[in-house]
Amino acid sequence: MVRKELHLDEAVISTLEAEAKRQNRSLKNYLEFLAMEQAKKLEVPSKEYTDMMDDLLSKFDKDEIEFSTIEDVMSRNGISD
């Protein structure tokens, strides 16, 4: 297997090292953590998301969700057109 070296900007490395130290991790451990967190975000769809959507669809079917007009939402949030 041929491996290519990855060259990161020194400022990026310094930032990552500082954050790893702040979290009491090694740089390697911190990079593995970041990769795992990103991989979880890329799951299509996540268990949490499907549970949330199932709950919302169930509430919708039971007429348990109230909808607001865009005008009401804008008014509540101090937004004018």
Side-chain angles (χ1 to χ4, degrees):
M1 177 170 93
V2 177
R3 298 182 94 167
K4 291 189 175 190
E5 290 187 32
L6 176 64
H7 297 282
L8 296 175
D9 182 271
E10 288 296 322
V12 172
I13 293 172
S14 293
T15 301
L16 292 170
E17 287 175 331
E19 183 59 22
K21 185 176 182 179
R22 191 185 73 73
Q23 293 188 21
N24 295 319
R25 297 174 182 265
S26 67
L27 179 57
K28 179 183 176 192
N29 177 265
Y30 182 60
L31 291 173
E32 289 171 345
F33 165 77
L34 290 176
M36 292 299 293
E37 288 299 304
Q38 185 62 35
K40 288 178 189 175
K41 291 177 185 176
L42 296 174
E43 288 179 341
V44 185
S46 71
K47 172 87 169 103
E48 293 81 12
Y49 179 80
T50 55
D51 289 347
M52 177 198 66
M53 290 306 295
D54 288 345
D55 183 53
L56 283 172
L57 290 170
S58 175
K59 287 179 181 178
F60 179 79
D61 289 341
K62 296 175 187 174
D63 290 325
E64 295 175 352
I65 296 178
E66 291 184 28
F67 292 95
S68 301
T69 65
I70 188 65
E71 291 81 9
D72 290 340
V73 172
M74 290 173 68
S75 175
R76 272 195 310 264
N77 291 287
I79 302 170
S80 61
D81 33 317

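What you are looking at is a predicted structure, and each value in this text was computed from that prediction instead of being measured.
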Original post:
Hey, is the main chain of Ile79 close enough, under 3.5 Å, to the side chain of Asn77 for a donor-acceptor pair?
Top reply: no
**OP:** Return yes if some donor-acceptor pair links the side-chain N/O of Ser75 with the main-chain N/O of Glu71 below 3.5 Å, else return no.
**Re:**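 No.
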Could you tell me the separation between the [atom1] atom of [X] and the [atom2] atom of [Y], rounded to the nearest 0.5 Å?
{"X": "Leu56", "Y": "Met53", "atom1": "CG", "atom2": "CE", "value": "6.0 Å"}
{"X": "Lys47", "Y": "Lys40", "atom1": "NZ", "atom2": "NZ", "value": "15.5 Å"}
{"X": "Leu31", "Y": "Leu27", "atom1": "CG", "atom2": "CG", "value": "4.5 Å"}
{"X": "Arg25", "Y": "Leu16", "atom1": "CZ", "atom2": "CG", "value": "12.5 Å"}

Subject >> Side-chain touch Glu37/Leu34, heavy atoms, less than 4.5 angstrom >> reply: no
Taking all non-hydrogen atoms of both residues into account, name the closest pair between [X] and [Y] and its distance.
{"X": "Ile65", "Y": "Phe60", "result": "CD1-N, 3.7 Å"}
{"X": "Ala11", "Y": "Asp9", "result": "N-OD1, 2.8 Å"}
{"X": "Ser26", "Y": "Ala20", "result": "O-CB, 3.8 Å"}

Original post:
Counting only heavy atoms not in Phe33, do more than 12 sit closer than 6.0 Å to its CZ atom?
Top reply: yes
Original post:
Cluster question for you: counting only ILVMFWY and a side-chain heavy-atom cut-off of under 4.5 Å, with indirect links fine, are Phe67 and Leu57 together?
Top reply: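 No; tracing contacts between hydrophobic side chains, which count when under 4.5 Å, never links both residues.
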**OP:** Flag the pair Arg76 and Asp72 as a salt bridge only when some basic side-chain nitrogen lies within less than 4.0 angstrom of an acidic carboxylate oxygen.
**Re:** no
